[in-house]
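Here is the structure we will look at.
Note that these values count all heavy atoms, side chains included, but never hydrogens, waters or copies made by symmetry.
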Amino acid sequence: MANAGLQLLGFILAFLGWIGTIVSTALPQWKIYSYAGDNIVTAQAIFEGLWMSCVSQSTGQIQCKVFDSLLNLNSTLQATRALMVIGILLGLIAIFVSTIGMKCMKCLEDDEVQKMRMAVIGGVIFLIAGLAILVATAWYGNRIVQEFYDPMTPVNARYEFGQALFTGWAAASLCLLGGALLCCSCPRKTTSYPTPRPYPKPTPSSGKDYV
């Protein structure tokens, strides 16, 4: 029962991480305009995501522009897009695979070992998805830091971490933790001992002593 509860907890955490990955990928606040410096206009907020850049006015009006050309984007943005999409697709596959291996499901209930293996495979896929998301968000965040501290970057063109980036880090952590908990349901190997050999029965004594 404890193993089933641990398995269910891992699936819920990984599923929440997958939802967070979708939200992070869709949000445009991957990096937000930094207000460090003099003569900075605070009447508008500028933020940029994986698919568009937006400007929010103090009146509440938001204008967004989708990136037109894919080939015109920098390599970091293209790689981040690809890794986030891969993480979402792997998470979807992991959900189906691990659902089959859940103890609360009726699938493969005749073969307990195979059922547990499916849960472990789903956990491994969740781990791979979490690593892809973590690499994507860390890579993008590292690019923001490099551009922020680059002396060649103008002060009015520097950005900081956005809410979507923190959401991606949290989603990656949930996927990794949930996948690890699912992998804990790995079936234990039964130790096989050799069949004990019967000892030979002692022959009954004839009652005669020989000298």
- Task: Identify, with sequence neighbours excluded, every residue that meets side chain to side chain donor-acceptor pair (under 3.5 Å) alongside E147.
- Result: R143
- Treat each ILVMFWY residue as a node, draw an edge where side-chain heavy atoms are under 4.5 Å apart, and state whether L77 and F148 are in one component. yes
- Message: For C183 versus L127, what's the shortest heavy-atom pair and its separation?
- Response: SG-CD1, 3.9 Å
- Task: Identify the two heavy atoms, one from G122 and one from V97, that lie closest to each other, and give their separation to 0.1 Å.
- Result: N-CG1, 3.7 Å
- Among L27, I32, T137, find the one that has a side chain to side chain contact (heavy atoms under 4.5 Å, CB included) with L165. T137
- Task: Measure up the F166 and W169 rings against each other and bin them: parallel (under 30°), tilted (30 to 60°), perpendicular (over 60°).
- Result: perpendicular
- Message: Treating W51 as the side-chain partner and T25 as the backbone partner, does any N or O pair qualify as donor plus acceptor under 3.5 Å?
- Response: yes
- Note on the structure: Note: G130 and A172 closest approach over all heavy atoms is O-CB, 3.7 Å
- Co-membership, hydrophobic cluster, residues L73 and F47, 4.5 Å side-chain: no
- Is I46 close to S53 at the side-chain level, that is, under 4.5 Å between some pair of heavy atoms? no
- Note on the structure: Output for pair (F126 CZ, I93 CD1), nearest 0.5 Å, gives 11.0 Å
- Is a side-chain donor or acceptor of S24 paired with a backbone partner of A164 at a separation under 3.5 angstrom? yes
- Any link between L176 and W139 through a network of hydrophobic side chains (Ile, Leu, Val, Met, Phe, Trp, Tyr) touching at under 4.5 Å? no
- Query: To the nearest 0.5 Å, how far apart are CD1 in I128 and SG in C175?
  - Reply: 12.0 Å
- State, yes or no, whether a side-chain contact exists between F15 and L174 at a heavy-atom distance under 4.5 Å. no
- Query: Under 4.5 Å between side-chain heavy atoms, hopping through other hydrophobics if needed: is there a path connecting I22 to V135?
  - Reply: no
- Do Q7 and L182 come within less than 4.5 Å of each other through their side chains, counting heavy atoms only? yes
- Message: Would you say that I100 contacts F96 through its side chain, given a criterion of any heavy-atom pair below 4.5 Å between the two side chains?
- Response: no
- Atom OH of Y33 and atom CD of E160: how far apart are they, to the nearest 0.5 Å? 11.0 Å
- Query: Measuring from L9:CG to C184:SG, what's the distance to the nearest 0.5 Å?
  - Reply: 10.5 Å
What donor-acceptor contacts under 3.5 angstrom involve side-chain atoms of residues 79-92, with partners at least two apart or in another chain?
{"from": "T80", "atom 1": "OG1", "to": "T76", "atom 2": "O", "distance (Å)": "2.7"}
{"from": "R81", "atom 1": "NE", "to": "L50", "atom 2": "O", "distance (Å)": "2.6"}
{"from": "R81", "atom 1": "NH2", "to": "L50", "atom 2": "O", "distance (Å)": "2.8"}

- Message: Is there a continuous path of hydrophobic side-chain contacts, each under 4.5 Å between heavy atoms, that joins I12 to I95?
- Response: yes
- Message: I need the L16 CG to S173 OG distance, nearest 0.5 Å.
- Response: 13.0 Å
- Minimum heavy-atom distance A171-G17, with the two atoms named: CB-O, 3.2 Å
- Rounded distance [0.5 Å steps], CZ in F161 versus NZ in K31: 11.5 Å
